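Remarks on the structure that follows.
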Number of protein chains: 2
Amino acid sequence: MEETHKKILLVEDDPNFGAVLKDYLSINDFEVTLAKNGMEGFEKFKKDNFDLCILDVMMPYKDGYTLAREIREKNKEVPIIFLTAKSMKEDVLKGYKVGADDYLNKPFDSEVLLMKIKAIIQRKASETKTDNAKFEFQIGRFHLNSKLRFLTFDNEEPIKLSPKENELLKMLALHENDLMPRELALTKIWRDDNYFTSRSMDVYIAKLRKYLKPDEDVEILNIHGEGFRLVVKNKVEEK
Amino acid sequence: MEETHKKILLVEDDPNFGAVLKDYLSINDFEVTLAKNGMEGFEKFKKDNFDLCILDVMMPYKDGYTLAREIREKNKEVPIIFLTAKSMKEDVLKGYKVGADDYLNKPFDSEVLLMKIKAIIQRKASETKTDNAKFEFQIGRFHLNSKLRFLTFDNEEPIKLSPKENELLKMLALHENDLMPRELALTKIWRDDNYFTSRSMDVYIAKLRKYLKPDEDVEILNIHGEGFRLVVKNKVEEK
DNA sequence: TAATATATTAACCAAAGATTAACAACAACA
DNA sequence: TGTTGTTGTTAATCTTTGGTTAATATATTA
(Lines give C-alpha, C1' and ligand atoms only; values in the text may rest on other atoms or scores of the structure.)
Protein backbone atom coordinates (compact mmCIF):
# COMPACT_ATOMS: atom_id res chain seq x y z
CA MET A 1 0.00 0.00 0.00
CA GLU A 2 1.63 3.22 -1.15
CA GLU A 3 1.29 6.17 1.15
CA THR A 4 1.52 9.71 -0.12
CA HIS A 5 5.01 11.05 0.29
CA LYS A 6 5.88 12.91 3.45
CA LYS A 7 6.61 16.60 3.10
CA ILE A 8 9.79 18.04 4.51
CA LEU A 9 10.70 21.67 4.92
CA LEU A 10 14.46 22.04 4.66
CA VAL A 11 15.95 25.38 5.67
CA GLU A 12 19.64 25.64 4.87
CA ASP A 13 21.62 28.68 3.81
CA ASP A 14 24.45 26.87 2.09
CA PRO A 15 23.05 26.42 -1.44
CA ASN A 16 25.31 23.51 -2.38
CA PHE A 17 24.75 21.55 0.74
CA GLY A 18 21.06 22.36 0.63
CA ALA A 19 20.69 21.10 -2.93
CA VAL A 20 22.59 17.90 -2.25
CA LEU A 21 20.55 17.15 0.82
CA LYS A 22 17.33 17.91 -0.97
CA ASP A 23 18.24 15.49 -3.77
CA TYR A 24 19.21 12.83 -1.31
CA LEU A 25 15.93 13.09 0.54
CA SER A 26 13.99 13.23 -2.70
CA ILE A 27 15.39 9.98 -3.99
CA ASN A 28 14.41 8.52 -0.65
CA ASP A 29 10.80 9.33 -1.32
CA PHE A 30 10.32 12.56 0.52
CA GLU A 31 8.85 15.71 -0.97
CA VAL A 32 11.30 18.43 -0.08
CA THR A 33 10.81 22.19 -0.03
CA LEU A 34 14.07 24.07 0.27
CA ALA A 35 14.32 27.52 1.80
CA LYS A 36 17.62 29.37 1.96
CA ASN A 37 17.09 31.39 5.11
CA GLY A 38 14.87 31.73 8.13
CA MET A 39 12.61 34.36 6.59
CA GLU A 40 11.89 32.34 3.52
CA GLY A 41 11.59 29.25 5.65
CA PHE A 42 8.83 30.75 7.72
CA GLU A 43 6.97 32.02 4.68
CA LYS A 44 7.03 28.59 3.11
CA PHE A 45 6.03 26.98 6.37
CA LYS A 46 2.88 29.07 6.59
CA LYS A 47 1.89 28.24 3.01
CA ASP A 48 2.04 24.49 3.34
CA ASN A 49 1.53 21.63 5.71
CA PHE A 50 4.74 19.80 6.48
CA ASP A 51 5.39 16.50 8.20
CA LEU A 52 8.85 17.52 9.33
CA CYS A 53 11.16 20.53 9.45
CA ILE A 54 14.93 20.31 9.16
CA LEU A 55 16.54 23.57 10.19
CA ASP A 56 20.10 24.70 9.99
CA VAL A 57 20.96 26.55 13.16
CA MET A 58 23.39 29.10 11.83
CA MET A 59 21.77 31.19 9.18
CA PRO A 60 21.81 34.88 8.32
CA TYR A 61 18.82 37.11 9.16
CA LYS A 62 17.04 34.58 11.26
CA ASP A 63 18.72 31.67 12.99
CA GLY A 64 17.28 28.20 13.37
CA TYR A 65 16.21 28.57 16.98
CA THR A 66 14.23 31.72 16.28
CA LEU A 67 12.60 30.10 13.31
CA ALA A 68 11.79 27.03 15.37
CA ARG A 69 10.10 29.18 17.96
CA GLU A 70 7.94 30.84 15.32
CA ILE A 71 7.07 27.51 13.84
CA ARG A 72 6.10 26.19 17.27
CA GLU A 73 3.75 29.11 17.78
CA LYS A 74 1.91 28.13 14.64
CA ASN A 75 2.13 24.41 15.15
CA LYS A 76 2.76 22.50 18.33
CA GLU A 77 3.03 19.15 16.64
CA VAL A 78 5.35 19.25 13.67
CA PRO A 79 8.68 17.53 14.38
CA ILE A 80 11.83 19.64 14.11
CA ILE A 81 15.38 18.45 13.55
CA PHE A 82 18.28 20.85 13.95
CA LEU A 83 21.43 20.73 11.92
CA THR A 84 24.36 22.38 13.59
CA ALA A 85 28.11 22.58 13.50
CA LYS A 86 28.12 23.03 17.23
CA SER A 87 27.90 20.18 19.63
CA MET A 88 27.91 22.30 22.78
CA LYS A 89 25.60 21.08 25.46
CA GLU A 90 23.89 24.42 26.05
CA ASP A 91 23.08 24.69 22.37
CA VAL A 92 21.53 21.29 22.40
CA LEU A 93 19.53 22.23 25.45
CA LYS A 94 18.42 25.45 23.81
CA GLY A 95 17.26 23.40 20.87
CA TYR A 96 15.20 21.01 22.94
CA LYS A 97 13.72 23.90 24.83
CA VAL A 98 12.11 25.27 21.70
CA GLY A 99 10.76 21.79 21.10
CA ALA A 100 13.28 20.11 18.86
CA ASP A 101 12.80 16.43 18.33
CA ASP A 102 16.34 15.66 17.38
CA TYR A 103 19.75 17.03 16.75
CA LEU A 104 22.47 16.38 14.24
CA ASN A 105 25.99 17.70 14.15
CA LYS A 106 27.58 18.56 10.85
CA PRO A 107 29.19 16.85 9.18
CA PHE A 108 26.82 13.94 9.50
CA ASP A 109 26.16 10.68 7.80
CA SER A 110 23.21 10.98 5.49
CA GLU A 111 22.07 7.52 6.45
CA VAL A 112 21.86 8.62 10.05
CA LEU A 113 19.68 11.53 9.08
CA LEU A 114 17.42 9.27 7.10
CA MET A 115 17.12 6.93 10.04
CA LYS A 116 16.24 9.75 12.39
CA ILE A 117 13.67 11.11 9.99
CA LYS A 118 11.95 7.78 9.68
CA ALA A 119 12.01 7.18 13.40
CA ILE A 120 10.55 10.59 14.18
CA ILE A 121 7.82 10.43 11.59
CA GLN A 122 6.82 6.99 12.76
CA ARG A 123 6.76 8.12 16.37
CA LYS A 124 4.56 11.10 15.57
CA ALA A 125 2.25 8.86 13.60
CA SER A 126 1.73 6.50 16.49
CA GLU A 127 1.32 9.41 18.89
CA THR A 128 -1.46 11.05 16.96
CA LYS A 129 -3.17 7.71 16.83
CA THR A 130 -3.31 7.54 20.60
CA ASP A 131 -3.93 11.15 21.40
CA ASN A 132 -7.51 12.12 21.21
CA ALA A 133 -9.23 15.25 20.11
CA LYS A 134 -11.63 14.77 22.98
CA PHE A 135 -11.56 17.56 25.52
CA GLU A 136 -14.52 17.00 27.83
CA PHE A 137 -14.46 14.37 30.52
CA GLN A 138 -16.75 13.26 33.27
CA ILE A 139 -14.70 12.10 36.23
CA GLY A 140 -17.07 10.96 38.94
CA ARG A 141 -18.88 14.10 40.04
CA PHE A 142 -16.28 16.27 38.36
CA HIS A 143 -16.37 17.60 34.88
CA LEU A 144 -13.17 18.52 33.08
CA ASN A 145 -13.08 20.85 30.13
CA SER A 146 -9.50 20.56 29.00
CA LYS A 147 -9.90 23.17 26.32
CA LEU A 148 -10.87 25.87 28.77
CA ARG A 149 -8.85 24.20 31.53
CA PHE A 150 -11.83 24.18 33.88
CA LEU A 151 -12.56 21.56 36.47
CA THR A 152 -16.10 21.70 37.86
CA PHE A 153 -17.43 19.81 40.88
CA ASP A 154 -21.17 19.27 40.65
CA ASN A 155 -22.52 22.75 40.06
CA GLU A 156 -19.95 24.66 41.98
CA GLU A 157 -17.73 27.39 40.67
CA PRO A 158 -15.17 25.89 38.25
CA ILE A 159 -11.55 25.63 39.34
CA LYS A 160 -9.02 26.95 36.87
CA LEU A 161 -6.28 24.46 36.07
CA SER A 162 -2.76 25.34 35.03
CA PRO A 163 -1.60 23.96 31.68
CA LYS A 164 0.38 21.14 33.27
CA GLU A 165 -2.38 20.25 35.74
CA ASN A 166 -4.80 20.17 32.87
CA GLU A 167 -2.69 18.03 30.56
CA LEU A 168 -1.94 15.57 33.28
CA LEU A 169 -5.53 15.19 34.38
CA LYS A 170 -6.62 14.82 30.78
CA MET A 171 -4.08 12.10 30.21
CA LEU A 172 -5.27 10.29 33.32
CA ALA A 173 -8.86 10.66 32.18
CA LEU A 174 -8.01 9.22 28.77
CA HIS A 175 -6.83 6.12 30.59
CA GLU A 176 -9.58 6.04 33.19
CA ASN A 177 -9.41 2.91 35.35
CA ASP A 178 -6.41 1.78 33.36
CA LEU A 179 -2.72 2.28 33.73
CA MET A 180 -1.36 5.63 32.62
CA PRO A 181 2.37 4.95 32.34
CA ARG A 182 4.66 7.48 33.98
CA GLU A 183 6.83 7.49 30.94
CA LEU A 184 3.93 8.44 28.71
CA ALA A 185 3.09 11.55 30.67
CA LEU A 186 6.71 12.52 31.00
CA THR A 187 7.53 12.20 27.35
CA LYS A 188 4.30 13.73 26.12
CA ILE A 189 3.71 16.49 28.65
CA TRP A 190 7.18 17.22 29.98
CA ARG A 191 8.91 16.13 26.77
CA ASP A 192 11.70 14.71 28.85
CA ASP A 193 12.11 11.81 31.23
CA ASN A 194 14.59 12.28 34.05
CA TYR A 195 14.71 12.45 37.80
CA PHE A 196 13.52 16.03 38.04
CA THR A 197 10.69 15.90 35.57
CA SER A 198 9.57 12.79 37.35
CA ARG A 199 9.64 14.65 40.65
CA SER A 200 7.79 17.52 39.05
CA MET A 201 5.10 15.17 37.86
CA ASP A 202 4.68 13.83 41.39
CA VAL A 203 4.14 17.37 42.58
CA TYR A 204 1.36 17.71 40.04
CA ILE A 205 -0.17 14.41 41.00
CA ALA A 206 -0.37 15.75 44.55
CA LYS A 207 -2.12 18.88 43.33
CA LEU A 208 -4.64 16.90 41.35
CA ARG A 209 -5.35 14.64 44.31
CA LYS A 210 -6.13 17.74 46.35
CA TYR A 211 -8.55 18.99 43.72
CA LEU A 212 -10.24 15.61 43.45
CA LYS A 213 -10.66 15.15 47.19
CA PRO A 214 -14.30 16.31 47.36
CA ASP A 215 -15.44 13.18 45.51
CA GLU A 216 -14.76 10.13 47.67
CA ASP A 217 -15.16 7.85 44.69
CA VAL A 218 -12.41 9.39 42.64
CA GLU A 219 -8.84 8.44 43.33
CA ILE A 220 -5.44 8.55 41.69
CA LEU A 221 -3.61 5.34 42.55
CA ASN A 222 0.03 4.67 42.04
CA ILE A 223 1.28 1.50 40.44
CA HIS A 224 4.77 1.29 41.74
CA GLY A 225 7.35 1.62 39.02
CA GLU A 226 4.73 1.79 36.29
CA GLY A 227 2.58 4.85 36.56
CA PHE A 228 -0.78 6.04 37.84
CA ARG A 229 -4.35 5.00 37.56
CA LEU A 230 -7.41 7.21 37.84
CA VAL A 231 -10.15 5.12 39.36
CA VAL A 232 -13.80 6.03 39.64
CA LYS A 233 -15.71 3.79 42.02
CA ASN A 234 -19.45 3.22 42.27
CA LYS A 235 -19.87 4.47 38.80
CA VAL A 236 -23.48 4.89 37.80
CA GLU A 237 -24.00 4.08 34.18
CA GLU A 238 -25.81 6.77 32.34
CA LYS A 239 -28.02 6.10 29.45
CA MET B 1 14.30 6.83 35.19
CA GLU B 2 16.89 4.19 34.53
CA GLU B 3 15.75 1.10 32.75
CA THR B 4 17.66 -2.10 32.94
CA HIS B 5 20.13 -2.21 30.11
CA LYS B 6 19.32 -4.08 26.95
CA LYS B 7 21.28 -7.24 26.38
CA ILE B 8 23.07 -7.82 23.12
CA LEU B 9 24.67 -11.01 21.90
CA LEU B 10 27.59 -10.18 19.64
CA VAL B 11 29.09 -13.01 17.63
CA GLU B 12 32.25 -11.99 15.83
CA ASP B 13 35.33 -14.07 15.09
CA ASP B 14 37.82 -11.24 14.70
CA PRO B 15 38.92 -10.72 18.31
CA ASN B 16 40.11 -7.15 17.82
CA PHE B 17 37.08 -5.95 16.01
CA GLY B 18 34.85 -7.84 18.40
CA ALA B 19 36.41 -6.25 21.45
CA VAL B 20 36.26 -2.76 20.01
CA LEU B 21 32.63 -3.13 19.05
CA LYS B 22 31.77 -4.58 22.42
CA ASP B 23 33.36 -1.62 24.18
CA TYR B 24 31.62 0.82 21.93
CA LEU B 25 28.23 -0.72 22.64
CA SER B 26 28.98 -0.99 26.33
CA ILE B 27 29.69 2.71 26.72
CA ASN B 28 26.41 3.28 24.94
CA ASP B 29 24.59 1.50 27.74
CA PHE B 30 24.17 -1.96 26.34
CA GLU B 31 25.12 -5.11 28.13
CA VAL B 32 27.15 -7.03 25.63
CA THR B 33 28.05 -10.73 25.57
CA LEU B 34 30.76 -11.52 23.07
CA ALA B 35 31.13 -14.91 21.43
CA LYS B 36 33.94 -15.66 19.03
CA ASN B 37 32.23 -18.20 16.80
CA GLY B 38 28.90 -19.67 15.92
CA MET B 39 29.16 -22.58 18.34
CA GLU B 40 29.94 -20.43 21.31
CA GLY B 41 27.35 -17.94 20.15
CA PHE B 42 24.60 -20.53 20.24
CA GLU B 43 25.67 -21.83 23.66
CA LYS B 44 25.54 -18.32 25.08
CA PHE B 45 22.26 -17.62 23.38
CA LYS B 46 20.62 -20.58 25.08
CA LYS B 47 21.89 -19.53 28.49
CA ASP B 48 20.51 -16.03 28.51
CA ASN B 49 17.74 -13.82 27.28
CA PHE B 50 18.89 -11.28 24.72
CA ASP B 51 17.17 -8.27 23.28
CA LEU B 52 19.20 -8.34 20.11
CA CYS B 53 21.75 -10.48 18.27
CA ILE B 54 24.48 -9.08 16.06
CA LEU B 55 26.04 -11.80 13.96
CA ASP B 56 29.04 -11.72 11.72
CA VAL B 57 28.28 -13.70 8.60
CA MET B 58 31.67 -15.14 7.81
CA MET B 59 32.90 -17.20 10.69
CA PRO B 60 34.70 -20.54 10.99
CA TYR B 61 32.83 -23.70 12.12
CA LYS B 62 29.41 -22.17 11.93
CA ASP B 63 28.54 -19.20 9.78
CA GLY B 64 26.15 -16.43 10.71
CA TYR B 65 23.26 -17.68 8.62
CA THR B 66 23.35 -21.13 10.17
CA LEU B 67 23.54 -19.63 13.62
CA ALA B 68 20.65 -17.34 12.81
CA ARG B 69 18.55 -20.29 11.77
CA GLU B 70 19.26 -22.07 15.01
CA ILE B 71 18.47 -18.98 17.01
CA ARG B 72 15.20 -18.60 15.13
CA GLU B 73 14.21 -22.12 16.05
CA LYS B 74 14.56 -21.27 19.70
CA ASN B 75 13.16 -17.79 19.49
CA LYS B 76 10.93 -16.32 16.84
CA GLU B 77 11.07 -12.83 18.23
CA VAL B 78 14.61 -11.71 18.92
CA PRO B 79 15.90 -9.20 16.35
CA ILE B 80 18.98 -10.19 14.36
CA ILE B 81 21.41 -7.89 12.60
CA PHE B 82 24.01 -9.30 10.22
CA LEU B 83 27.46 -7.89 9.75
CA THR B 84 29.03 -8.74 6.45
CA ALA B 85 31.79 -7.78 4.11
CA LYS B 86 29.62 -8.78 1.21
CA SER B 87 27.05 -6.54 -0.25
CA MET B 88 25.83 -8.98 -2.83
CA LYS B 89 22.15 -9.02 -3.33
CA GLU B 90 21.74 -12.77 -2.99
CA ASP B 91 23.48 -12.70 0.35
CA VAL B 92 21.21 -10.01 1.62
CA LEU B 93 18.26 -12.02 0.45
CA LYS B 94 19.59 -15.10 2.17
CA GLY B 95 19.88 -13.08 5.35
CA TYR B 96 16.34 -11.83 5.25
CA LYS B 97 15.15 -15.32 4.50
CA VAL B 98 16.38 -16.59 7.84
CA GLY B 99 14.62 -13.67 9.47
CA ALA B 100 17.20 -10.93 9.74
CA ASP B 101 15.94 -7.54 10.79
CA ASP B 102 18.75 -5.57 9.30
CA TYR B 103 21.98 -5.69 7.44
CA LEU B 104 25.24 -3.81 7.70
CA ASN B 105 28.22 -3.92 5.38
CA LYS B 106 31.68 -3.74 6.82
CA PRO B 107 33.30 -1.36 7.21
CA PHE B 108 30.43 0.57 8.73
CA ASP B 109 29.92 3.72 10.72
CA SER B 110 29.44 2.85 14.35
CA GLU B 111 26.86 5.58 14.71
CA VAL B 112 24.81 3.96 12.00
CA LEU B 113 24.89 0.69 13.85
CA LEU B 114 23.83 2.38 17.05
CA MET B 115 20.96 4.04 15.31
CA LYS B 116 19.82 0.81 13.75
CA ILE B 117 19.99 -0.94 17.07
CA LYS B 118 17.88 1.68 18.73
CA ALA B 119 15.38 1.75 15.90
CA ILE B 120 14.99 -2.02 15.94
CA ILE B 121 14.66 -2.31 19.69
CA GLN B 122 12.11 0.46 19.73
CA ARG B 123 10.13 -1.13 16.95
CA LYS B 124 10.04 -4.44 18.77
CA ALA B 125 8.97 -2.66 21.92
CA SER B 126 6.06 -0.92 20.24
CA GLU B 127 5.06 -4.17 18.58
CA THR B 128 4.84 -6.03 21.83
CA LYS B 129 2.97 -3.11 23.34
CA THR B 130 0.29 -3.13 20.68
CA ASP B 131 0.11 -6.86 20.34
CA ASN B 132 -2.59 -7.71 22.80
CA ALA B 133 -0.44 -9.92 24.95
CA LYS B 134 -2.70 -11.70 27.33
CA PHE B 135 -2.80 -10.12 30.73
CA GLU B 136 -5.86 -11.59 32.41
CA PHE B 137 -5.90 -15.03 33.93
CA GLN B 138 -8.39 -17.09 35.87
CA ILE B 139 -6.61 -19.22 38.45
CA GLY B 140 -9.18 -21.25 40.32
CA ARG B 141 -11.25 -18.71 42.22
CA PHE B 142 -8.58 -16.08 41.69
CA HIS B 143 -8.38 -13.59 38.91
CA LEU B 144 -5.06 -12.08 37.91
CA ASN B 145 -4.79 -8.82 36.04
CA SER B 146 -1.13 -8.67 35.24
CA LYS B 147 -1.33 -5.25 33.66
CA LEU B 148 -2.63 -3.56 36.79
CA ARG B 149 -0.85 -6.13 38.93
CA PHE B 150 -4.00 -7.10 40.80
CA LEU B 151 -4.92 -10.47 42.20
CA THR B 152 -8.59 -10.80 43.13
CA PHE B 153 -10.13 -13.63 45.13
CA ASP B 154 -13.81 -14.05 44.30
CA ASN B 155 -15.20 -10.57 44.80
CA GLU B 156 -12.92 -9.48 47.55
CA GLU B 157 -10.72 -6.43 47.53
CA PRO B 158 -7.86 -6.99 45.07
CA ILE B 159 -4.37 -7.63 46.40
CA LYS B 160 -1.63 -5.53 44.86
CA LEU B 161 1.25 -7.57 43.52
CA SER B 162 4.80 -6.39 43.21
CA PRO B 163 6.34 -6.50 39.74
CA LYS B 164 8.27 -9.68 40.46
CA GLU B 165 5.32 -11.40 42.13
CA ASN B 166 3.20 -10.45 39.19
CA GLU B 167 5.60 -11.66 36.51
CA LEU B 168 6.20 -14.90 38.28
CA LEU B 169 2.54 -15.66 38.79
CA LYS B 170 1.82 -14.77 35.21
CA MET B 171 4.51 -17.11 34.00
CA LEU B 172 3.11 -19.89 36.16
CA ALA B 173 -0.35 -19.20 34.83
CA LEU B 174 0.89 -19.37 31.28
CA HIS B 175 2.03 -22.90 32.05
CA GLU B 176 -0.96 -23.87 34.15
CA ASN B 177 -0.85 -27.55 35.16
CA ASP B 178 2.40 -27.87 33.28
CA LEU B 179 6.03 -27.50 34.22
CA MET B 180 7.32 -23.97 34.41
CA PRO B 181 11.09 -24.49 34.32
CA ARG B 182 13.14 -22.64 36.91
CA GLU B 183 15.53 -21.58 34.26
CA LEU B 184 12.79 -19.97 32.21
CA ALA B 185 11.62 -17.71 35.02
CA LEU B 186 15.16 -16.86 35.98
CA THR B 187 16.29 -15.87 32.53
CA LYS B 188 13.08 -14.08 31.59
CA ILE B 189 12.17 -12.36 34.85
CA TRP B 190 15.45 -12.07 36.70
CA ARG B 191 17.42 -11.96 33.47
CA ASP B 192 20.16 -13.89 35.18
CA ASP B 193 20.53 -17.40 36.48
CA ASN B 194 22.73 -17.88 39.53
CA TYR B 195 22.52 -19.03 43.11
CA PHE B 196 21.13 -15.80 44.46
CA THR B 197 18.50 -15.12 41.85
CA SER B 198 17.40 -18.69 42.32
CA ARG B 199 17.11 -18.10 46.04
CA SER B 200 15.21 -14.90 45.38
CA MET B 201 12.77 -16.74 43.20
CA ASP B 202 12.10 -19.25 45.98
CA VAL B 203 11.25 -16.37 48.24
CA TYR B 204 8.74 -15.18 45.69
CA ILE B 205 7.25 -18.64 45.30
CA ALA B 206 6.65 -18.59 49.04
CA LYS B 207 4.89 -15.24 48.78
CA LEU B 208 2.67 -16.46 45.99
CA ARG B 209 1.75 -19.58 47.92
CA LYS B 210 0.64 -17.37 50.77
CA TYR B 211 -1.55 -15.31 48.48
CA LEU B 212 -3.07 -18.39 46.89
CA LYS B 213 -3.86 -20.12 50.18
CA PRO B 214 -7.54 -19.09 50.31
CA ASP B 215 -8.35 -21.41 47.41
CA GLU B 216 -7.78 -25.04 48.45
CA ASP B 217 -7.76 -26.14 44.84
CA VAL B 218 -4.85 -23.96 43.78
CA GLU B 219 -1.32 -25.03 44.53
CA ILE B 220 2.22 -24.37 43.41
CA LEU B 221 4.11 -27.67 43.37
CA ASN B 222 7.83 -28.06 43.13
CA ILE B 223 9.38 -30.46 40.67
CA HIS B 224 12.71 -31.16 42.20
CA GLY B 225 15.55 -29.79 40.14
CA GLU B 226 13.22 -28.80 37.32
CA GLY B 227 10.91 -26.04 38.28
CA PHE B 228 7.37 -25.40 39.49
CA ARG B 229 3.89 -26.32 38.50
CA LEU B 230 0.74 -24.35 39.13
CA VAL B 231 -2.08 -26.83 39.57
CA VAL B 232 -5.76 -26.10 39.69
CA LYS B 233 -7.85 -29.00 40.95
CA ASN B 234 -11.58 -29.64 40.54
CA LYS B 235 -11.72 -27.25 37.72
CA VAL B 236 -15.26 -26.50 36.62
CA GLU B 237 -15.45 -25.85 32.94
CA GLU B 238 -17.38 -22.75 32.13
CA LYS B 239 -19.37 -22.33 29.05
C1' DT C 1 8.19 46.71 35.80
C1' DA C 2 5.78 44.78 39.63
C1' DA C 3 2.63 41.44 40.77
C1' DT C 4 0.91 37.07 40.08
C1' DA C 5 0.67 32.50 38.37
C1' DT C 6 3.05 28.53 37.03
C1' DA C 7 6.88 25.37 36.96
C1' DT C 8 11.17 23.37 38.57
C1' DT C 9 14.47 22.05 41.86
C1' DA C 10 16.17 20.30 46.14
C1' DA C 11 16.10 17.99 50.18
C1' DC C 12 14.19 14.73 52.98
C1' DC C 13 11.33 11.08 54.53
C1' DA C 14 8.23 7.17 53.70
C1' DA C 15 6.80 3.23 51.26
C1' DA C 16 7.46 -0.46 48.24
C1' DG C 17 10.18 -3.83 46.43
C1' DA C 18 14.16 -6.88 45.97
C1' DT C 19 18.08 -9.28 47.68
C1' DT C 20 20.78 -11.60 50.89
C1' DA C 21 21.95 -14.58 54.69
C1' DA C 22 21.18 -18.08 57.76
C1' DC C 23 19.13 -22.09 58.82
C1' DA C 24 15.61 -25.77 58.69
C1' DA C 25 13.35 -29.19 55.93
C1' DC C 26 13.27 -32.22 52.28
C1' DA C 27 14.37 -35.23 48.22
C1' DA C 28 17.52 -38.11 45.74
C1' DC C 29 20.55 -41.57 45.78
C1' DA C 30 24.78 -44.11 46.71
C1' DT D 1 21.33 -44.34 56.54
C1' DG D 2 24.18 -40.65 55.77
C1' DT D 3 25.55 -37.31 52.45
C1' DT D 4 24.66 -33.93 49.15
C1' DG D 5 22.29 -30.67 46.80
C1' DT D 6 17.76 -28.40 46.43
C1' DT D 7 13.90 -26.03 48.36
C1' DG D 8 11.19 -23.54 52.15
C1' DT D 9 11.04 -19.92 55.41
C1' DT D 10 12.01 -15.91 57.96
C1' DA D 11 13.99 -11.69 58.90
C1' DA D 12 17.43 -8.20 58.16
C1' DT D 13 19.32 -5.18 54.87
C1' DC D 14 19.67 -2.68 50.77
C1' DT D 15 17.77 -0.24 46.80
C1' DT D 16 14.51 2.14 44.20
C1' DT D 17 10.53 4.80 43.77
C1' DG D 18 7.02 8.01 45.42
C1' DG D 19 5.09 11.83 48.39
C1' DT D 20 5.62 16.19 50.44
C1' DT D 21 7.23 20.64 51.44
C1' DA D 22 9.34 24.80 50.56
C1' DA D 23 12.57 27.64 48.15
C1' DT D 24 13.75 29.29 43.78
C1' DA D 25 13.21 30.15 39.01
C1' DT D 26 10.54 31.22 35.03
C1' DA D 27 6.59 32.92 32.52
C1' DT D 28 2.57 35.76 32.17
C1' DT D 29 -0.14 39.64 32.91
C1' DA D 30 -1.57 44.01 34.56
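From a predicted model like this one, the values you see are computed outputs, not experimental measurements. Each chain gets a letter, A, B and so on, in the order the sequences are listed, and its residues count up from 1.
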Short N/O separations, protein against nucleotides 23-30 of chain C, under 3.5 angstrom:
none

Calculate, to the nearest 0.5 Å, the distance between atoms [atom1] and [atom2] belonging to [X] and [Y] respectively.
| X | Y | atom1 | atom2 | answer |
| --- | --- | --- | --- | --- |
| Lys170(B) | Asn145(B) | NZ | CG | 10.0 Å |
| Ser162(A) | Leu169(A) | OG | CG | 10.5 Å |
| Asn177(A) | Leu172(A) | CG | CG | 11.5 Å |

Q) Just wondering, do Ile139(B) and Leu144(B) contact through their side chains at under 4.5 Å, heavy atoms? A) yes
(Q) With heavy-atom distances below 4.5 Å as the criterion, would you say the side chains of Ile205(B) and Phe228(B) are in contact? (A) yes
(Q) Can you confirm if the NZ or CZ of Arg209(B) lies within 45° of the ring axis of Tyr211(B) and under 6.0 Å from the centre of its six-membered ring? (A)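 Geometry flag: not set, cation outside 6.0 Å or 45°.
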Q | Cation-aromatic face contact Lys164(B)/Tyr204(B), 6.0 Å, 45 degrees | A | no
Q. Looking at five pairs on each end of the helix from dT1(C)-dA30(D) to dA30(C)-dT1(D), what is the angle between the two axes, given to 10 degrees?
A.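 End-to-end axis angle: 30°.
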Would you mind reading off the distance between [X] atom [atom1] and [N] atom [atom2], rounded to a whole angstrom?
| X | N | atom1 | atom2 | value |
| --- | --- | --- | --- | --- |
| Lys207(B) | dA16(C) | NZ | P | 13 Å |
| Ile205(A) | dA14(C) | CD1 | C1' | 18 Å |
| Asn222(A) | dA15(C) | CG | P | 13 Å |

Q | Position toward the 5' end of DNA chain D (nearest nucleotide), Phe228(B) or Val203(A) | A |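 Comparing both residues, the 5'-ward one is Phe228(B).
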**Q.** Exercise: identify the closest heavy-atom pair between Asp193(A) and Thr187(A)
**A.**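 Taking Asp193(A) first and Thr187(A) second, the nearest heavy atoms are CB-CG2, 4.5 Å.
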Q) What closest approach, in Å, do Ile71(B) and Phe45(B) show between heavy atoms, and which atom pair accounts for it? A) CG2-CZ, 3.5 Å
Q) Under 3.5 Å, is there a donor-acceptor pair between the Ser198(B) and Arg182(B) side chains? A) yes
Q | Test item: side-chain donor near acceptor, Thr197(A) and Asn194(A), under 3.5 Å | A | yes
Q. When you measure from every atom of DNA chain C, which of residues 156-167 of chain B have a heavy atom less than 4.0 Å away?
A.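 Heavy-atom cutoff 4.0 Å gives Ser162(B), Pro163(B), Lys164(B).
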Q) Does any residue of residues 176-190 of chain B have a heavy atom under 4.0 Å from DNA chain C, and if so, which ones, in number order? A)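 Only Trp190(B) qualify.
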With respect to the side chain of [X], which nucleotide from [options] is positioned closest?
| X | options | answer |
| --- | --- | --- |
| Ala206(A) | dT10(D), dT20(D), dG18(D) | dT20(D) |
| Tyr204(B) | dG17(C), dT9(D), dT8(C) | dG17(C) |
| Arg149(B) | dT6(C), dT8(C), dG17(C) | dG17(C) |

Is [X] salt-bridged to [Y], cutoff N-O under 4.0 Å?
| X | Y | value |
| --- | --- | --- |
| Asp154(B) | Arg141(B) | yes |
| Arg229(A) | Glu219(A) | no |
| Glu40(A) | Lys44(A) | yes |

(Q) Suppose the criterion is ring-ring contact (aromatic ring centres under 6.0 Å, His included): which pairs have a residue in residues 151-170 of chain B, not counting sequence neighbours? (A) Phe142(B)-Phe153(B)
Q: Under 4.0 Å from any atom of DNA chain D, heavy atoms only: list the residues of residues 209-221 of chain B that qualify, in numerical order.
A: Arg209(B), Lys210(B)
Q) Is Gln138(A) reaching over with its side chain to a backbone N or O of Gly140(A), donor-acceptor style, under 3.5 angstrom? A) yes
